[in-house]
Structure formats: C-alpha cells, structure tokens
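To start, the structure itself, in structure tokens.
Below, chain A is the first sequence line, B the second, and so on; all start at residue 1.
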Number of protein chains: 2
Amino acid sequence: MLQLRPISAECVARRAASACDSCGARAFSVCGGLAEQDLLRLDALAERINLRPGEALTRQGDPADHLFNITSGSVRVFGLMPDGRRQITGFLFSGDFLGLAAEADYAFSAEAIEPVTVCRFDAREYRALMLRTPALEAQLFRRMSHELTAARDQMMLLGRKTAVERLASFLLDLPTHDPARPTAPGHVRLPMTRSEIADYLGLTIETVSRALTRLKTTGVIRLLSLTELRIEQPDRLRAIAQGETRSCA
Amino acid sequence: MLQLRPISAECVARRAASACDSCGARAFSVCGGLAEQDLLRLDALAERINLRPGEALTRQGDPADHLFNITSGSVRVFGLMPDGRRQITGFLFSGDFLGLAAEADYAFSAEAIEPVTVCRFDAREYRALMLRTPALEAQLFRRMSHELTAARDQMMLLGRKTAVERLASFLLDLPTHDPARPTAPGHVRLPMTRSEIADYLGLTIETVSRALTRLKTTGVIRLLSLTELRIEQPDRLRAIAQGETRSCA
DNA sequence: CGCAGCCTTGACCATTATCAACGCTGGTGG
DNA sequence: CCACCAGCGTTGATAATGGTCAAGGCTGCG
C-alpha cells in the first residue's frame, strides 16, 4: 500500500491550501501537528477510489463501515423522506471528511456530483488509530465543531430566511468551502445543478431560478454561464444575506 | 470546592437515567468509563449557578469562556438576525452540555426557559483536562456526533416538512430529550411557549396553534393543559411526522 | 441536425404569514 | 371575594411568498 502514501499527504496539502476563511489557519496547524509516522499509519488504512457522478459513497441506513476524505471533486450529502422529498444537508469538496459518526449506521446518503476521488478508510481501524493519535483526534474534534456551527447557521437559513436571502447566503458561503473555485475574486463556481441548490436551500428549482434572475437584474451578480457567476456587489449581497435590506425582497 | 462534588455525579446519574432512546445505553457506559479521579478533577473546575427564566448562559458573539452542563430545568439555544428574526436551534435539558465549540466566540445565545441550575466550567481548564482524559474526550465526541445527526434531521424538518409534519416530529422527539418528562407513556411536557416552538420549527405561533388544533381534532393527540398533552395515536403521529400520510395535511 | 436534459419564464394555486379580534388564565388590588 | 388587567393562546379573514403546472429556450452531444 506504499503507493497510497501520497494520498493523505495530498489531503493535508489541499486542506492547508484551501482558503476556508474561518478555519484555514487552524486546520493547517492541526494537520501540521500530525507526525510523519501518523501520516504513514493513515496511509496504511487508506484506499483510493474513483467515483463517477451519481455514484454513492454512503447510503442512508447502511452500516457505517468507512470514513472518506474527498481528494477531488464534489459530493452531496442528503436525506430522503419516504415520499421522495430530498434535503441536501451539505456539499463536500476536496479536503472534507465524511462519515465521522458515532452511530452504527449512516444517517445520510452521500453521492458524487462531479467525478470524485476519495481516500477511503476502514472505520474501525481509523477509530483505533484516532485513540492512539491525539493530534488526529483534536483535528476531527475541530472539524465536527465547525460542522455543528455551520449546521446551526443552515437552520437559521432554512427556518427564517426568504428565498433571495437563502440564495445570497449560499453564494457567499460556497466559495469559502470549494478549493476548486476560480481564482478570480468574486467568481463563484456552481458544480451542482439547480435542483441540488434547491434541495439544499429548502426551495424548488423554479424559485432558485427566479431568485438568481432577481439578483442578476438588480445588478448584484452576473451570470457568466450556467455553472459560473460573478459577484458584482459583494456588500449588497452580504446585506441581502443578512436580511438587512428589503430592496431585493 | 469539595461541596461541588455531587454536581457532576448528579450530571452523570441524570444522563444515565434519561431515556434518550437513541443513545442512552451508550452515554451511560461512557459516563461510567470516567474514573473517580476524573470526576474529582471535573468538580474542581465546576461552579454551580442558578438562573431564572430569561437569563442568559451565553450570548452570540461573546468570548466562549465557559462550558455548561445543565443540571435541572430547560434552556433555549438560538440565533438572531439583525431585524430580530429568531431561530431556536435546540432545547437543552438536564444532562445536556452547552458551549462545546472550537471557536473563540459563542456563535449562538442560550437562555433559561424554566428556572435552571447549571454546572459551569472554565473552558480552558476543561479543554486541558479533556486532553488528559481520553474517556472524557470520547464522551464529548459521541455527543457532538449525535448533535450533528440531530442537526441534520432538523434541516430535513425545516427544509422539507409541512407545518403539521414539523409539529408531529417535534412532539415525538421532545420526550426523548427531556428527562423531566412525565412518567406516563405518551405524556409530553411542553416547558416552552408557543412562540419558542414556532421559532424552533421555523413557523409562526398561529401556525403552531393551528397545527396543534388539527392534531387534536383528528384525535391523534389530546391537550391536557397548555403545557401538557397526551399522544393518543403514536403510530399515526409517527406516520404524519414521516410524511407517510396526507390524511392530516 | 435533432434530441435530451436542464434551465427559465409565466400563470395559477396553496400553504403559511400577517393582521385583527377574542378568550382563557393567573395574579393583583379594590 | 370579585373585578380587572396583562400575557399568552386560539381562531378567523386576508395577503404574500413560494409551490405547482405548463410551455418554451438553451446547450451539448450523438
């Protein structure tokens, strides 16, 4: 498995390089705190897997046997109701972890959006390694803490924000999580479909489309293509996201 | 501070006694895994505080200097938007932890609903103790993991469920978290106001009231008083919560 | 070139929010 | 002891946001 060694090194490098504004520096220092031998142990558990769009990493209800570290591409995490209603609870990008649950079964499904490469770990072995590696445990602790804060922000969005406010919040958040975003400031890549955005924001595709149009016609954003746009007026977009204006409602 | 010793023992006992259906057994074993000397160290950091309804444990934006363990009563955790819109992200009851964040500042506010007693820890000392106490770390790791799963379920509720489905889900969930619930099966205590329920479910008080009335008139629940009700048809309530019926829509 | 899939736009509808009035309940003071 | 008041909850009428249904457009691929 020695040929796998570059994988976790790559994970660490990507996460360090990612400008996750709120946690970049911290994540880097934690990753940096992992000793060379810890990385080697991680590699021994790792398996590299390629997934095509739509293929599943985890399925709601299946035994939680694996942990994943996304190496490239993007992933949707979602739950389904019996009648097919879908709620996407998050998008994952390279550097993100998946499957960090204490439960025996996955509570949610995860599927590739774009072609994805992941680093897959056996959950039991990973947990055992974690117990022996405080730096790794601390790293995951911080990640879970950030995820929890993000989850609460998302509750605020879903419970109390209007359609336009939700979309504005989404457009501001997305590039801070996607290391594959374009380098030009204000440029946002949308690797997911309108349907996925809708299921993430608790809306329908039509409402997402209309909200985008409204932001476009008011000059706050410019659509460069279906999957790329530019934020023309960041301050106004922030104001809208926080509900500080009725000008766009 | 020796007189504080009973506090964490009490916390442990309460958590163990609570029939948190999904995690009760596990939480108990983890708490049981704490050695006597770990409990003593915890006590040395602990300070008992009483709060009256409406008083704050944490405030959005304040430095996150403390951790809390609720000993009795109930607490609302919430975020506010600039214009006053409120989203309650969770209710906490005796045995629950608060303030487990890696961030420097509290991201959300927490206030007492009923008269509350808490066990307050200095965050830095607690973290230091955690590093020296793997059992404590593992316990918190599990709790965070459960919270994360609960947060995702709540996203499903807020993003995709109807008003009646939200209320049904809430009534089923609440007693599994509230150790002070009445002992009679099917009895649910509502220590929070309609306004708090509304802000938790992403609705208005009027819609909460109407949804309760609908569940009452269809015979699924019976209102015993403003703050207490009985679930008459648990299976039907579960079906409604999962959206498996249109009979109540 | 044509088709399939996704996106946008429009017309209409439904759920829920808003506004308003009324009722209940518990505490206070005449 | 009863009346009043304040606060919370319920109910009703109306309005608005977002959902549903439907048609048409764009884009990329065979």
| Mind checking whether B/Pro191 and B/Phe91 have side chains closer than 4.5 Å, heavy atoms only? | no
| message | Rounding to an integer number of Å, can you tell me how far B/Leu226 CG sits from C/dC24 P? | response | 12 Å
| message | Could you report the tightest heavy-atom contact between A/Arg59 and A/Tyr106, atom names first, then the distance? | response | O-CB, 3.8 Å
| query | B/Leu224 CG to C/dC24 P: how many Å, rounded? | reply | 18 Å
| field | Rounded interatomic separation in angstrom, taking CZ from A/Arg214 and P from C/dT9 | value | 12 Å
| message | Any carboxylate oxygen within less than 4.0 angstrom of a Lys/Arg side-chain nitrogen, looking at A/Asp96 and A/Arg143? | response | no
| field | Side-chain donor/acceptor contact of B/Arg194 with base of D/dT11 under 3.5 Å | value | no
| B/Arg166 CZ - C/dT16 C1' separation (whole Å) | 9 Å
| query | Could you state the interatomic distance from CD (A/Glu103) to CG (B/Leu148), rounded to the nearest 0.5 Å? | reply | 9.0 Å
| query | To the nearest Å, how far apart are B/Met192 CE and D/dC8 P? | reply | 15 Å
| message | Measure CZ/B/Arg160 against P/C/dT15 and give the value in whole Å, please. | response | 16 Å
| message | Under 4.0 Å, counting only non-hydrogen atoms across every strand here, what does B/Ile205 touch: a base, just sugar-phosphate, or nothing? | response | nothing
| message | If the cut-off is 4.0 Å, is A/Thr207 near the phosphate of D/dT17, judged by side-chain N/O to OP1 or OP2? | response | no
| query | Can you check the A/Leu201 CG to D/dG18 P distance for me, whole Å? | reply | 12 Å
| DNA chain C: 5'-proximal contact among B/Thr204 and A/Leu212 (nearest heavy atom) | A/Leu212
| task | Look at the side chain of B/Arg210 against the base of D/dG12 and say whether a donor-acceptor pair falls under 3.5 Å; ignore hydrogens and angles. | result | yes
| query | Nearest-Å distance, CD (A/Glu206) to P (C/dA11)? | reply | 15 Å
